[in-house]
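To start, the structure itself, in structure tokens.
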Amino acid sequence: LVEAADGQRAVARIYRYGIRPRNEALQRMSAAAPRHVVQLLEQGQEVNGQCYELLEYLPEGSLQQRLARGNLTTEQARALVEEFNAALTFLHQRDILHGDIRPDNVLIRQWQPLQIALTDFGMSTATAATLRFTTADHAAQYRTPETAAGVIGAAADYWALGMILLEALTGKHPFAGWSGMVILYQLMARAVPVAGVEEPWLTLCRGLLLRDPKQRWGSVEVKRWGGGDTRLGVRVEVIVREEVTFRPRPFYRLGGVECQTASALAAQMAQQ
């Protein structure tokens with residue numbers, strides 16, 4: 001956090017030696033969506049060759065800081081959904097994807113009325129998007145099932161909204177404490193657990209967290225939900241039994257015990 005002579009504050013991002021950031025996408029996004037995107041104020045290179053950026057400073061902090069204090073009220077959650085949908089609709093109409101939405105990349109411009117500003121874009125545009133899959137635990141908590149297959153699209157941003165909403169309503173992420181690889185296996189094998197969420201939020205979470213990106217809810221469905229449209233329905237996803245999705249052939253033997261299922265193998269590994 002830096003302060004100019006006139007008292008204006010900004011966030012200085014200093015890059016390691018030899019790294020030259022690609023600022024074209026951020027410049028275009030700042031110009032296209034000044035309210036929905038953290039603004040790039042200045043960029044340059046020091047005499048020693050080190051690159052830097054000056055970014056808009058938002059003193060309210062990030063959504064992650066707010067969620068760390070507990071779940072949101074229903075009024076706050078509804079405002080968050082409306083503001084998120086407005087921001088994503090605006091960006092997607094201009095062929096801009098985020099690709100890495102999670103609470104620490106959502107900054108609060110103001111609370112009343114709620115305005116958010118997205119930062120740290122993982123993908124610049126839909127046409128230039130490339131696979132950037134990571135198994136880092138925190139990042140994996142908001143990644144889509146299709147990311148592992150290299151499928152990147154606007155539906156991924158709405159999946160992230162669904163995961164954030166689920167965390168905001170319950171006060172805890174459903175995959176908290178899990179490793180990236182375990183999360184990936186969970187997403188490939190079964191639907192996201194939404195226990196503890198009541199209507200009308202349950203329908204919204206299920207719609208946003210459909211594993212098939214073609215069936216997943218987007219801007220239109222979220223807007224209809226916000227308007228109280230009772231005709232909206234969500235396709236019920238089949239939750240595959242673990243014994244079917246994980247059946248080792250031949251079985252694994254660990255510590256003298258034959259493990260025929262994932263649960264048995266996990267329990268034996270824990271004891272070892």
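Here the structure is a predicted model, which means the values were calculated and not measured. Just so you know, residue 1 is the first one in the sequence shown, and it goes up from there.
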What I'd like to find out is whether the side chain of [X] reaches to under 4.5 Å of the side chain of [Y], using heavy atoms alone.
X	Y	result
Leu63	Ile116	no
Asn71	Leu169	no
His92	Tyr158	yes
Val234	Leu204	no
Leu165	Leu80	no
Trp159	Met163	yes
Leu58	Ile108	no
Leu118	Leu91	yes

Sub-3.5 Å donor-acceptor pair from the side chain of [X] to the main-chain atoms of [Y], do we have one?
X	Y	answer
Gln215	Pro213	no
Arg216	Arg211	yes
Arg9	Glu3	no
Gln65	Ala68	no
Gln268	Gln272	no

Notebook entry, point to check: Between Gln8 and Tyr57, is a side-chain hydrogen bond (donor to acceptor under 3.5 Å, both in side chains) present by the stated rule, with each step listed?
Noted result: CA-CA 9 Å; Gln8 181 182 7; Tyr57 170 59; over 6 Å; no
Do [X] and [Y] sit in the same hydrophobic cluster, where Ile, Leu, Val, Met, Phe, Trp and Tyr count as joined when their side-chain heavy atoms come under 4.5 Å apart?
X	Y	answer
Tyr52	Tyr17	no
Leu1	Leu40	yes
Phe84	Phe90	no
Met269	Tyr252	yes
Leu114	Ile164	yes

Next item on the list: Taking atom types as modelled, find out whether Tyr15 and Glu53 have a side-chain donor-acceptor pair closer than 3.5 angstrom.
Entry: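 Judged by distance alone, the side chains do pair up.
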Notebook entry, point to check: Is the closest side-chain donor-acceptor distance between Glu167 and Tyr142 under 3.5 Å?
Noted result: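 Result is yes, a qualifying pair exists.
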Notebook entry, point to check: Of the options His98, Arg102, Arg13, which is the one that meets Asp120 in a side-chain hydrogen bond (donor to acceptor under 3.5 Å, both in side chains)?
Noted result: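 Filter result, single survivor: Arg13.
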To the nearest 0.5 Å, what is the distance between [atom1] on [X] and [atom2] on [Y]?
X	Y	atom1	atom2	value
Gln186	Met181	CD	CE	13.5 Å
Thr89	Arg94	OG1	CZ	10.5 Å
Arg190	Tyr185	CZ	OH	5.5 Å
Asn85	Lys223	CG	NZ	8.5 Å
His36	Glu83	NE2	CD	6.0 Å
Leu187	Gln141	CG	CD	11.0 Å

Item checked: Salt bridge flag under 4.0 Å for residues Arg109 and Glu56 -> yes
Margin query: Assess the residue pair Leu72 and Leu67 against the criterion (side chain to side chain contact (heavy atoms under 4.5 Å, CB included)); give the C-alpha distance rounded to whole Å, side-chain angles, the decisive distance to 0.1 Å, and a yes or no.
Written below: CA-CA 7 Å; Leu72 301 182; Leu67 294 180; 4.1 Å; yes
Nearest atoms (heavy-atom pairs only) where [X] meets [Y]:
X	Y	result
Ala156	Thr144	CA-CG2, 3.5 Å
Leu41	Ala10	CD1-CB, 4.0 Å
Ala140	Ile183	O-CG2, 3.7 Å
Ala264	Cys259	O-SG, 3.8 Å

Next item on the list: I would like to know whether Leu88 and Ile101 meet side chain to side chain contact (heavy atoms under 4.5 Å, CB included); could you show each step before the answer?
Entry: CA-CA 11 Å; Leu88 293 180; Ile101 290 179; 3.7 Å; yes
Checklist line | Partners meeting ring-ring contact (aromatic ring centres under 6.0 Å, His included) with Phe175 (sequence neighbours left out) | finding: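 With neighbours one apart ignored, the set is His173, Trp178.
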Next item on the list: Sequence neighbours left out, what pairs pass salt bridge (charged side-chain N to carboxylate O under 4.0 Å, His left out) with at least one residue falling in residues 60-77?
Entry: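 Every pair satisfying salt bridge (charged side-chain N to carboxylate O under 4.0 Å, His left out) with a residue in residues 60-77: there are none.
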Check: Leu208 and Val222: side chain to side chain contact (heavy atoms under 4.5 Å, CB included), yes or no, with the steps?
Finding: CA-CA 9 Å; Leu208 292 171; Val222 172; 3.8 Å; yes
Next item on the list: Any chance you could lay out the side chain to side chain contact (heavy atoms under 4.5 Å, CB included) test for Arg143 and Asp100, step after step, and finish with the verdict?
Entry: CA-CA 8 Å; Arg143 292 291 169 87; Asp100 193 21; 3.2 Å; yes
Check: Would Arg78 count as a cation-pi partner of Trp201, with NZ or CZ less than 6.0 Å from the six-membered ring centre and within 45° of the ring normal?
Finding: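 Pair Arg78/Trp201 counts as cation-pi.
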